[in-house]
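Data block below; observations after.
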Amino acid sequence: MVIAIIAILASMLLPALNQARERAKTANCLANVKSIGQISGMYCNDYNDFVPAASPRWSGDTWIAMFYSLYGLQDKATSCPAATDACGYKQWGDNPVAGAKMNFIYSYGVHYKAVGENGKDSRKLSFLLGKGAKFSQMIQYGDCEADMFQTKGLQSMTGKIQPNAFWGQGKQDTWYPVALRHAGNANFAMFDGHAMSLSRTKLENNNRNIWKPYNESWGWQLPK
């Protein structure tokens, strides 16, 4: 009888404990992306208002590699706690063979259509403002899904996100997707430095402010 009561109580408590655990992961992830956004702000101050591009250096390193080497980005901040197969940037570097088998070497990505894909495409904040960007609403960094070529090593892990690309809710949409791994939401650092969690619906409904302006083949798209 006592064992049965304990089992019933445990079954009642377990969902609440799981929810609390997931909320803690979301909170830690928000802290991670906020710290990444703050480092991006430091970079802009140090480099004459330029925003760090997705692959800012000639070596092909991604923005995370640069933030790690220049600003001491903490290894735990390079890995989303809700990405179960994730490992941090330094953790991967210290053990690349094991790291190459991970699905999420990069669990955070930059909105590369806004910041530029490589160093020669890097843009200034003032340039984006001139295009009508609303920095409090426009995404800079967020939860991403790495591409699926893990065995090629670090070079294949993109660290990028792009508009209207999603991973989660049972399907994958195109390349460089946002990862909806926080109960259907993803966490982001906006261009003004604050962090927030957004659902796919909100990302799509406010598309013009959240993702744009960015350079499409037909020109720069302005927010509403």
Side-chain angles (χ1 to χ4, degrees), residues 22-47 49-54 56 62-64 66-68 70-83 106-116 122-145 159-166 168 176-214 221-224:
E22 292 306 313
R23 285 195 296 269
K25 290 178 180 179
T26 298
N28 289 337
C29 177
L30 282 167
N32 286 348
V33 293
K34 184 174 178 62
S35 67
I36 288 168
Q38 290 172 339
I39 288 179
S40 180
M42 294 169 60
Y43 180 96
C44 290
N45 288 333
D46 292 343
Y47 290 92
D49 199 36
F50 277 99
V51 179
T62 63
W63 58 273
I64 282 185
M66 184 177 70
F67 283 7
Y68 183 85
L70 290 184
Y71 297 101
L73 176 65
Q74 293 187 8
D75 205 40
K76 65 179 182 180
T78 67
S79 177
C80 173
Y106 279 100
S107 50
Y108 296 121
V110 64
H111 175 12
Y112 77 97
K113 286 182 175 288
V115 302
S122 183
R123 297 159 186 148
K124 288 192 172 186
L125 288 173
S126 55
F127 175 83
L128 294 174
L129 281 174
K131 295 297 181 181
K134 299 178 180 179
F135 286 166
S136 64
Q137 299 181 48
M138 188 173 172
I139 285 170
Q140 188 173 12
Y141 301 94
D143 281 308
C144 80
E145 181 79 13
K160 300 175 189 174
I161 52 176
Q162 68 171 335
N164 304 317
F166 301 95
Y176 314 138
V178 169
L180 302 167
R181 54 175 163 254
H182 299 282
N185 289 4
N187 294 331
F188 301 96
M190 315 308 276
F191 266 84
D192 70 345
H194 86 280
M196 63 190 305
S197 185
L198 294 167
S199 67
R200 178 170 181 167
T201 299
K202 289 182 179 178
L203 289 167
E204 292 178 328
N205 288 349
N206 195 22
N207 180 66
R208 290 296 292 268
N209 290 327
I210 285 175
W211 291 111
K212 299 177 180 178
Y214 64 81
Q221 306 300 296
L222 299 180
K224 292 180 179 179

Problem set entry | With Asn32 via side chain to side chain donor-acceptor pair (under 3.5 Å) - residues at least two apart | Tyr108
Exercise. Is any side-chain heavy atom of Cys80 closer than 4.5 Å to a side-chain heavy atom of His182?
Worked result: yes
Problem set entry | Shortest non-hydrogen contact between Ile139 and His111, atoms and distance | O-CD2, 3.3 Å
Exercise. So, for Lys34 and Gly193, which heavy atoms are closest and what is the spacing to 0.1 Å?
Worked result: NZ-O, 3.7 Å
Problem set entry | Pairwise distance OG(Ser199) to CD(Glu204) - rounded to 0.5 angstrom | 8.5 Å
For this session: Name all residues meeting the side chain to side chain donor-acceptor pair (under 3.5 Å) criterion together with Tyr71; count only those two or more places apart in sequence or in a different chain, and write none if there are none.
Result: Asp46
For this session: Quick one: closest heavy-atom pair of Leu128 and Pro213, and the distance?
Result: O-CG, 4.2 Å
Exercise. CG of Asn205 to CG of Leu198: how many Å apart, nearest 0.5 Å?
Worked result: 11.0 Å
Exercise. Is the number of heavy atoms from other residues, nucleotides or ligands under 6.0 Å of Lys124 NZ greater than 12?
Worked result: yes
Seminar exercise, completed: The side chain to side chain donor-acceptor pair (under 3.5 Å) partners of Asn206 (sequence neighbours excluded) come to Gln137, Asn209
Seminar exercise, completed: Residue set satisfying side chain to side chain donor-acceptor pair (under 3.5 Å) with Asp192, at least two apart, ordered chain then number -> His194
Exercise. How many angstroms lie between atom NZ of Lys202 and atom CG of Asn185, to the nearest 0.5 angstrom?
Worked result: 7.5 Å
Problem set entry | By side chain to side chain contact (heavy atoms under 4.5 Å, CB included) - contacts of Ser40 (at least two apart) | Pro52, Phe67, Gln140, Tyr141
Exercise. Does Val51 reach the side chain of Phe127, with side-chain heavy atoms less than 4.5 Å apart?
Worked result: no
Problem set entry | Trp63 side-chain N/O to Gly159 backbone N/O, donor-acceptor pair under 3.5 Å | yes
Problem set entry | Gap between atom OG of Ser107 and atom CG of Asp143 - 0.5 Å precision | 7.0 Å
Problem set entry | Within 6.0 Å of CD in Gln74, more than 12 heavy atoms from elsewhere | no
For this session: Only counting residues at least two apart or in another chain, list the ones meeting ring-ring contact (aromatic ring centres under 6.0 Å, His included) with Phe50.
Result: none
Exercise. Can you name the nearest heavy-atom pair linking Thr26 to Asn187, along with the distance?
Worked result: O-ND2, 3.4 Å
Problem set entry | Least distance between heavy atoms, Ala186 atom then Val178 atom | CB-CG1, 3.5 Å
Exercise. Any idea which heavy atoms bring Ser35 and Leu73 closest together, and the distance?
Worked result: OG-CD1, 4.4 Å
Problem set entry | Sub-4.5 Å side-chain heavy-atom contact between Leu180 and Arg200 | yes
